[in-house]
Amino acid sequence: MAASNPSKPLPLPPGSLGLPVIGESLQFFQDSDFVSKRQERHGAIFKTHILGRPTVMIYGAEANQTILGNESKNFENSWPASTKALLGPLSLALQTGELHRNRRKLLAQAFKPRTLATYVEIMGDIAQQYTQKWQQAETLTWYPELRSFTLDVACKLFIGQDNGCQTPLGQHFETWCAGLFSLPISLPWTKFGKAKRCRDLLLQELGQTIQARQSMANPGNDTLGLLLQARDEQGQGLSQDELKDQILLMLFAGHETLTSAITSFCLLTAQHPEITARLRQEQQQWKSKEALTVDDLKQMTYLEQVLTEVMRLIPPVAGVFRTVLQTCEMDGYQIPQGWSVQCSIGSTHQDQALYSNPKQFDPERFSPEHLAQQSTEQQRYGYVPFGGGIRECLGKEFARLEMKIFAAHLLQNYEWQLLPNQALDLVVIPSPRPRDGLKVTFKALSE
Ligand code: HEM
């Protein structure tokens, strides 16, 4: 497969563009099997019309390499209209070219290994506060609780705010998130309209936080503090408006996807007691240790394997969108300029050419012995929960750290079981979660 200019017109990929204007957007939102049904009918590449644009959906390591590895030449980052409007024009996710490169470098300062090491204790403390509360409750619907947990961690580490989910910022934030992938119709009662109002309120809140911080002698060592001090290659800092958009992006990115990944870990370990037993065995050596360090976390190799497999089987981001900059050919089909392409992460992770028995939860796929048998390209573009190329997730090490700290704390101290009579099938937009929110019993681990 290659992206090249065709010498003669090629057919468009198979599939339907649906109804005028709305295309197949309603089916896309309502049917969690939207993509897999069309792949069964058409194969690895098909066309549709969603979120206001004709779109080609494609999967596989080669397609990922072609599209993600060629951004700015043939493809440009693109987001649905609702996401664009709600993230704001100065968000890294929307910046392109030289500005994107420059800003990525600047924002990366908040995710350097030395900075991440300072986050370990706070992540562990917040995990402890939440698990103590859950232990008292004995039974709980876990997903909303995990959302609060990741939002509290993000608020504390990014803007220095305690108990973020209980503040007005936390409440506006959830309504804003709910509109990110919606039909971009701005009316007071639509998801998008409500989310736009909350964006304004969030920007006000963030503006106040930034001003308060600017008036301090020391802006602090959290992400906001680092970004206030950060300078680009020309010695310029970020404007207040850009700071607000960038912080909002971090809060979103550090919350929605991570909640999904942690929820999937909780679900899959509850469903696979033999894997949980092996995880607990690995954790034995740190059980009596008061505080974990980055070095301890590095040694948890089986936990690493399990978390890697969790994000293969249930990737928090189902796919990434790009705009086609010039008409090109893929798989013998024409991909017209101006259309969207979506690299399907979920389908890549289910590709039989990459993973045998792909529906099975099997952390052994990522054991050192198995990895040694895979080519570098297969590892790089066949496993893409964090995307790839110049837009690969900026927070992936932050995400891995938080998942590991939370999982280690759970495994060392608690046990959880699924309650009967609940729907465990996944709602997939914006990020996968069990339909009934994952109802469990939760108690201290008996010795
Ligand atoms: C399990 C958790 C996470 C997953 C699965 C995930 C996944 C992704 C993916 C697939 C992309 C690529 C989007 C594209 O190519 O268009 C991305 C981009 C990004 N992620 Fe994450 N992410 C996670 C957590 C985080 C965290 C914790 C942060 C930081 C706070 C973060 C910050 C970002 C940013 C800033 C970008 C945009 C990068 C750019 O446009 O250059 N992510 N993430």
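Every number for a ligand or one of its atoms is a count from 1 in the order of the listing. Only this structure's heavy atoms are used, side chains among them; waters, hydrogens and symmetry mates stay out. What you are looking at is a predicted structure, and each value in this text was computed from that prediction instead of being measured.
In terms of N/O distances under 3.5 Å, ligand 1 is not approached by W79. Between E392 and ligand 1, not a single N/O pair is under 3.5 Å apart.
Compare F252, F398, F111 by their heavy atoms: the one nearest to atom 29 (C) of ligand 1 is in F111. Residue nearest to atom 16 (O) of ligand 1, selected from R104, E256, R322, M403: R322 (by heavy-atom distance).
With a heavy-atom cut-off of 4.0 Å, L107 does not touch ligand 1 at all.
In the model, Q283 has a side-chain atom that pairs as donor or acceptor with a side-chain atom of Q412 under 3.5 Å. Side chains of T131 and H409: a donor on one and an acceptor on the other come within 3.5 Å. Side-chain contact check for Y119 and D222: no donor-acceptor pair (N or O, by modelled atom type) lies under 3.5 Å. Between the side chains of Q39 and Q350, no donor N or O sits under 3.5 Å from an acceptor N or O. A donor-acceptor pair shorter than 3.5 Å can be found between the side chains of T293 and D296. Side-chain atoms of T48 and T55 include no donor-acceptor pair closer than 3.5 Å.
By the side chain to side chain donor-acceptor pair (under 3.5 Å) test, D33 pairs with no residue at all, sequence neighbours left out.
The protein heavy atom nearest to atom 12 (C) of ligand 1 is R391 O, 3.5 Å. The closest protein non-hydrogen atom to atom 37 (C) of ligand 1 is L92 CD2, 4.2 Å. In this structure, the protein non-hydrogen atom closest to atom 7 (C) of ligand 1 is P385 O, 3.5 Å. Of the protein's non-hydrogen atoms, V320 CG1, 3.6 Å is the one closest to atom 13 (C) of ligand 1.
In this structure the side chain of R365 reaches within 4.5 angstrom of the side chain of Y355, judged on heavy atoms.
Note on atom 21 (Fe) of ligand 1: protein N, O or S atoms under 2.8 Å away count 1, no waters included.
Cation-pi contact between R147 and F149: absent, since separation from the ring centre below 6.0 Å together with deviation from the ring axis within 45° is not met. Remark: R278 qualifies as a cation-pi partner of Y302 under the 6.0 Å distance and 45° angle criteria applied to the six-membered ring.
Near H100, the atoms of ligand 1 lying under 4.0 angstrom from a non-hydrogen atom of the residue are 39 (C), 40 (O), 41 (O).
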